[in-house]
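Step one of this worksheet: look at the structure below.
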Amino acid sequence: MENRRTTIVDVARAARVSVSTASRALNDRDRVDERTRLLVRGVAAELDYRPNVRAQRLRTGRSQSIALVTALPEQVVNEVSELGFMLELSMPIAKECLNRGYTLTIVPPVSDVAQLDALDVDGAVVMDASGEDPITSRLRSRGVKVVTLGRAAHADGYLDRGSAGADVMLAHLAAQGARHVGVMLSVEDYSVTSTVLEFIESGAAPVRCTVLRAHASEGESAGHRAALDTLRADPTLDAIYAPLDAFAAGAIRAADELGIAVPDRVMVATNYDGRRATASEPPITALDLDFPALGREIAGLVFAALDTDGVHTAPSPSPRVIPRASTARLSAPRSDEPDGR
């Protein structure tokens, strides 16, 4: 005979209390006499009672679920990276969600924001949201609390990325002898783009920088074309810093096609330490973004937004450079050295 699931009615009957009292005792709601609370919980444990999650959600009107969404296109977040950034960030967020009785849903890049209407979630984390982000707007129009990785208009909270690692990486390139860095950013206004651009325009960069643009929607191919054009046109450029790893991989390809040695003639660096960086030849210098701390901060913002009104913010953990062969110059080039072209 199949075992019947123990219900809260069974617990209430065995404890000789009403169903409403049993529910309050098990869920720490309202005021319940401590002796009654202990009695009900003891009976529940004895009967191996497990709450009906679906019933709880129907009662509270909450899905107890959070979505992790990326604003970046599929050409950047594709099988080459194996959604690596999202997966690395998802684990610490999922742990915090589980501690709060929530689940985490990972959403792949969407081609139409209407696809987000199928999500039954209370909150969402949007990665690399643009300034006037359509994903954030769509979710909030449905009453979903939204926290973004980087500043975005109308969000319920955001993780302040500072300079998005540009200060740390440009300092590394300068220390390796870079004199003129091409900073390759997306044409699209993603948060990492606007944040790095703001840092460059502030004049705080430790080395001369020229901003290069490429379409994120074209992925690695766009980075390849932009690097080809720039390296052909400007012989003073001796490093390329591309926060998006797809662009950095494209820059490595361009240098190889032009017969430009990496890192001796041109160094290449990126932000995300994923498969593109490690599998490249040479491997690309990247940043340790401290995903465990990053995920905990983001999860904290999500639950703060769910619990209280207002815009919630927190600083992003400071990244550190993971030096690899793409920037491993033995010494800074002298001004009288040939440019290698």
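Start at 1 with the first residue, then count along the sequence.
With hydrogens and angles ignored, the 3.5 Å screen pairs no side-chain donor or acceptor of Thr148 with any backbone N or O of Val126. Proximity of a side-chain donor or acceptor of Arg329 to a complementary backbone N or O of Pro263 within less than 3.5 Å is detected. Under a 3.5 Å cut-off, the side chain of Gln115 and the backbone N or O of Ser111 do form a donor-acceptor pair. Side chain of Ser137 to main chain of Pro134: no donor-acceptor pair is present (N/O by atom type, distance under 3.5 Å, no hydrogens or angles). The main-chain N or O of Leu47 is found under 3.5 Å from a side-chain atom of Thr6 such that the two form a donor-acceptor pair. Thr270 places a side-chain N or O within donor-acceptor distance of the main-chain N or O of Pro243, the cut-off being under 3.5 Å. At least one donor-acceptor pair under 3.5 Å links the side chain of Ser141 to the backbone N or O of Arg138. Remark: side-chain polar atoms of Asp238 are paired, donor with acceptor, to backbone N or O of Arg179 under 3.5 angstrom. Checked by atom type and distance alone, the side chain of Ser65 never pairs as donor or acceptor with a backbone atom of Leu104 at under 3.5 Å. Within the 3.5 Å criterion, the main-chain N or O of Ser191 finds a donor-acceptor partner in the side chain of Ser194.
Across Val107 and Met86, no two heavy atoms sit closer than the pair O-CE, 3.3 Å. Closest of all the heavy-atom pairs between Tyr158 and Arg151 is CE1-CG, 3.3 Å. Across all their heavy atoms, Arg161 and Ser316 have their closest contact at CA-CB, 3.9 Å. Taking both residues in full, the closest heavy atoms of Arg41 and Ala25 are given as NE-O, 3.2 Å, listed atom of the first, atom of the second, then distance. Among all heavy-atom pairs drawn from Ala164 and Val192, the shortest one is CB-CG2, 4.1 Å. For the residue pair Leu119 and Ala67, the shortest heavy atom distance occurs at CD1-CB, 4.2 Å.
Contact of the Thr230 side chain with the Ile240 side chain is not registered, since no non-hydrogen atoms from C-beta on lie closer than 4.5 Å. Contact of the Leu68 side chain with the Met127 side chain is registered, since non-hydrogen atoms from C-beta on lie closer than 4.5 Å. Looking at heavy atoms from C-beta onward, Phe199 lies in side-chain contact with Leu170 at the 4.5 angstrom threshold. The side-chain heavy atoms of Thr285 and Met169, taken from C-beta on, include a pair separated by under 4.5 Å. Within the 4.5 Å cutoff, the side chain of Leu294 has heavy atoms near those of the Leu159 side chain. Two residues are said to be in side-chain contact when any heavy atoms from C-beta on lie closer than 4.5 Å; Glu220 and Leu244 fail this criterion. Using a 4.5 Å heavy-atom threshold, the side chains of Val207 and Cys209 count as touching. Asp273 has its side chain out of reach of Leu289: every pair of non-hydrogen atoms, C-beta onward, lies at least 4.5 Å apart.
Here the CG-CD1 distance, from Leu98 to Ile93, works out to 13.5 Å after rounding to the nearest 0.5 Å. Here SG of Cys97 is found 12.5 Å from NZ of Lys95. Values are rounded to the nearest 0.5 Å. Here OG1 of Thr236 is found 4.5 Å from NE2 of His180. Values are rounded to the nearest 0.5 Å. Expressed to the nearest 0.5 Å, how far CZ of Arg320 lies from NE2 of His172 amounts to 12.0 Å. In this structure, OG1 in Thr193 is found 7.5 Å from CG in Asp128, a value given to the nearest 0.5 Å. Atom CD1 in Ile298 sits 9.5 Å away from atom CZ in Phe291 (nearest 0.5 Å).
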Inset, instruction - Take Asp133 and Arg140, measure what salt bridge (Lys or Arg N to Asp or Glu O under 4.0 Å) needs, and give me the verdict at the end. - result: CA-CA 11 Å; Asp133 183 52; Arg140 293 192 78 245; over 6 Å; no
Legend entry - Test side-chain contact (heavy atoms from CB on, under 4.5 Å) applied to Val147 and His312, step by step: CA-CA 8 Å; Val147 166; His312 304 271; over 6 Å; no
Inset, instruction - Mind running salt bridge (Lys or Arg N to Asp or Glu O under 4.0 Å) on Arg253 and Asp256 for me, showing each step along the way? - result: CA-CA 5 Å; Arg253 280 176 48 208; Asp256 182 62; over 6 Å; no
Legend entry - From CA spacing to verdict: side-chain contact (heavy atoms from CB on, under 4.5 Å), Leu237, Val266: CA-CA 7 Å; Leu237 202 77; Val266 171; 5.9 Å; no
Inset, instruction - Please step through side-chain contact (heavy atoms from CB on, under 4.5 Å) for the pair Leu306 and Ile66, ending with a clear verdict. - result: CA-CA 10 Å; Leu306 287 172; Ile66 304 296; 4.0 Å; yes
Inset, instruction - Please assess Arg324 against Thr278 for the test side-chain contact (heavy atoms from CB on, under 4.5 Å), listing each intermediate value before the final yes or no. - result: CA-CA 9 Å; Arg324 293 202 176 93; Thr278 57; 3.6 Å; yes
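There is no path of hydrophobic side-chain contacts, each under 4.5 Å, that joins Val168 to Ile322. No single ILVMFWY cluster, assembled from side-chain heavy atoms under 4.5 Å apart, contains both Phe85 and Val110. Grouping the Ile, Leu, Val, Met, Phe, Trp and Tyr side chains by contacts below 4.5 angstrom, directly or via other members, places Tyr272 with Val321. Cluster annotation: Val121 is not connected to Tyr102 through the hydrophobic network of ILVMFWY side chains, with a link wherever side-chain heavy atoms come within less than 4.5 Å. No continuous path of ILVMFWY side-chain contacts below 4.5 Å connects Val187 to Phe247, so the two sit in separate hydrophobic clusters.
When each of Thr70, Leu87, Leu89 is paired with Ile106, the side-chain contact (heavy atoms from CB on, under 4.5 Å) condition holds for Leu87 and for no other.
Other residues, nucleotides and ligands contribute only 12 or fewer heavy atoms inside 6.0 Å of the CD atom of Glu46. Annotation for Asn99: atom CG counts as buried by contact number, over 12 foreign heavy atoms lying within 6.0 Å.
Counting only N and O atoms by type, the side chains of Tyr241 and Asn271 include a donor and acceptor under 3.5 Å apart.
In this view, Arg100 and Asp307 satisfy the salt bridge (charged side-chain N to carboxylate O under 4.0 Å, His left out) rule, not counting sequence neighbours.
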